[in-house]
2 protein chains.
Amino acid sequence: MAKRRTRKTSDRGTRERLFAAAATEFATRGFAGASVDRIADAARVNKAMLYYHFRSKAGLYGEILRDMFGSVAARLDEATPRDADPATRVRVLVETIAHAAEARPHFPPIWLREIAEGGTHIDKDTLAVVGRILGHTVVTVEEGVRTGRFKPANPFLVQLGIVGPLLMFFATVSVRRKMPGPMAQAMALTTEQVIDHVQRVTQLALEGRPS
Amino acid sequence: MAKRRTRKTSDRGTRERLFAAAATEFATRGFAGASVDRIADAARVNKAMLYYHFRSKAGLYGEILRDMFGSVAARLDEATPRDADPATRVRVLVETIAHAAEARPHFPPIWLREIAEGGTHIDKDTLAVVGRILGHTVVTVEEGVRTGRFKPANPFLVQLGIVGPLLMFFATVSVRRKMPGPMAQAMALTTEQVIDHVQRVTQLALEGRPS
DNA sequence: GTCTATAAATAGATAGAC
DNA sequence: GTCTATCTATTTATAGAC
């Protein structure tokens with residue numbers, strides 16, 4: 001996000017390149033599968049610099065997690081409309097998460113892996129940020145219920161309904177492109193289509209069925 | 001599922017224990033993070049036996065994948081009601097996938113990881129099985145559209161809406177149990193609640209909104 | 001089928017010169 | 001800030017005795 005420590009000469013680029021290379025390496029191979037050597041090579045930086053800037057492999061990974069979740073939380077804080085009707089808030093919620101996921105291609109795979117691993121690498125501070133993200137859904141649901149527009153619903157379940165499909169969609173973007181056969185184009189979807197669908201489904205789920 | 005090769009003495013148990021130990025190891029650590037030594041130790045079996053029975057770490061993992069996806073496909077083949085109305089078919093679809101995921105605790109984490117990794121470890125045969133699973137959703141949607149009960153929808157998107165929330169729910173079961181704070185019980189959900197919710201949401205999405 | 005011993009490669013991390 | 005060289009631990013996998 002910003003510069004971290006005093007730099008005597010041209011630090012510019014080195015740290016950022018390591019960060020970027022690590023993001024893709026962690027996304028494609030996972031934390032355990034990622035190699036510090038490969039990260040350094042991809043960044044065209046000496047391996048020792050990785051330890052100089054990030055202390056350890058885990059330290060580097062932790063910063064990527066903080067950046068990821070911090071970005072979503074910040075976007076939500078900023079985008080959430082004050083005094084808007086619940087339906088709009090749901091739309092903004094879905095849209096914001098989707099755009100945050102799309103802005104960082106490493107985001108969906110890493111998030112999926114963290115879920116699979118039970119958040120092993122998520123420290124207390126980062127966990128608080130994750131809580132803030134969920135909090136947006138909580139207040140959106142509560143607001144809707146309070147104004148009588150939504151039926152009571154479990155916010156975590158609502159969150160699963162939003163995040164689950166979105167993450168799986170974005171995480172499979174690259175795979176679906178190189179998929180052969182007739183099913184290939186059945187799985188071809190645009191970001192807008194997916195956002196639309198999740199928005200619609202979430203609203204329907206919250207409004208309750210007429211019958 | 002059944003015995004594989006000739007056994008001269010008491011093979012019974014060894015192979016199965018390796019399989020079971022590997023399933024949990026792969027689920028908690030991922031393919032790269034899993035250790036052959038740890039698997040053998042957990043199974044209380046000599047490490048060399050792992051190579052005797054499964055040829056390699058990848059071979060063992062491949063069998064677990066085949067078993068996982070094969071189980072879902074088989075359950076779907078069996079459970080899908082012939083000549084039932086589309087709404088029922090959707091309910092069975094969701095229910096069957098959920099129960100398959102619940103029956104194998106290693107299933108949701110491993111599936112999530114495979115998605116994150118772009119199916120790197122999935123061979124051609126296993127991919128065909130995955131296709132068969134998606135096929136059930138495809139025909140369910142088509143059937144509903146043909147009989148005028150559903151509006152046209154992208155089957156892959158429908159699948160994302162079912163599998164995404166279910167996998168994330170089951171994969172986070174153990175984590176949510178040991179979570180502190182007030183959010184803990186907000187995230188406490190039963191399998192039935194989740195199945196109900198996903199069934200309802202999927203139907204609403206397919207039926208289209210009345211307005 | 002089961003075990004011991006070991007090969008061979010790769011991992012993360014650090015010391016120390018510049 | 002940057003680099004070389006290297007230490008140590010761990011990894012998957014196999015050879016070969018029983």
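Protein chains get the first letters and strands the later ones, always in sequence-line order, with residue 1 at the start of each.
With rounding to whole Å, A:Tyr61 atom OH is found 15 Å from C:dA13 atom P. A:Arg38 places its CZ atom 10 Å from the C1' atom of C:dT10, with the value rounded to the nearest Å. Separating the OH atom of B:Tyr52 from the P atom of D:dA15 is a distance of 16 Å, rounded to the nearest angstrom. The interatomic distance linking A:Arg55 (CZ) with C:dT14 (C1') rounds to 14 Å, in whole Å. In this structure, the CZ atom of A:Arg29 is 11 Å from the P atom of C:dG12, given to the nearest Å. Distance NE2 (B:His53) to C1' (C:dT2): 9 Å, rounded to an integer number of Å. For the pair A:Lys57 NZ and C:dT14 P, the computed distance is 14 Å after rounding to whole Å. Distance, A:Ile39 CD1 to C:dA13 P: 11 Å, rounded to whole Å.
Inter-residue side-chain proximity for B:Arg89 and B:His136 is flagged as unmet; no heavy-atom pair is nearer than 4.5 Å. Looking at heavy atoms from C-beta onward, B:Phe170 lies in side-chain contact with B:Thr191 at the 4.5 angstrom threshold. The shortest side-chain heavy-atom distance between B:Phe19 and B:Asp67 falls under the 4.5 Å cut-off. Side-chain contact check for A:Phe69 versus A:Leu127: every heavy-atom pair is 4.5 Å or farther apart. Two residues are said to be in side-chain contact when any heavy atoms from C-beta on lie closer than 4.5 Å; A:Glu63 and A:Arg15 meet this criterion.
Comparing atom distances between the A:Met49 side chain and each of C:dG12, D:dA13, D:dC3 picks out D:dC3 as nearest. Nearest to the side-chain atoms of B:Asp37 among the listed nucleotides D:dT12, D:dA13, C:dG12 stands D:dT12.
In terms of heavy-atom proximity, A:Val141 sits nearest to A:Ala153 at CG1-O, 3.8 Å.
B:His121 and B:Phe31 have tilted rings, their planes meeting at an angle from 30° to 60° on a 0 to 90° scale.
Note: A:Leu65 CG to A:Asp125 CG = 12.5 Å, rounded to the nearest 0.5 Å. Separating the CD1 atom in A:Ile162 from the CD atom in A:Glu95 is a distance of 12.0 Å, to the nearest 0.5 Å.
Distances shorter than 4.0 Å separate some side-chain N or O of B:Thr14 from OP1 or OP2 on C:dT2. Between D:dT14 and B:Tyr51, no contact under 4.0 Å exists linking OP1 or OP2 to a side-chain N or O.
Residue B:Ala58 is out of contact with every strand shown, counting any heavy-atom pair closer than 4.0 Å.
Stretches of at least 3 consecutive Watson-Crick or G-U wobble pairs, with each checked distance under 3.5 Å, appear in DNA chain C as C:1-10 with D:9-18, C:12-18 with D:1-7.
Within residues 40-48 of chain A, the residues approached by DNA chain D to less than 4.0 Å at the level of any non-hydrogen atom are A:Asn46, A:Ala48, in residue-number order.
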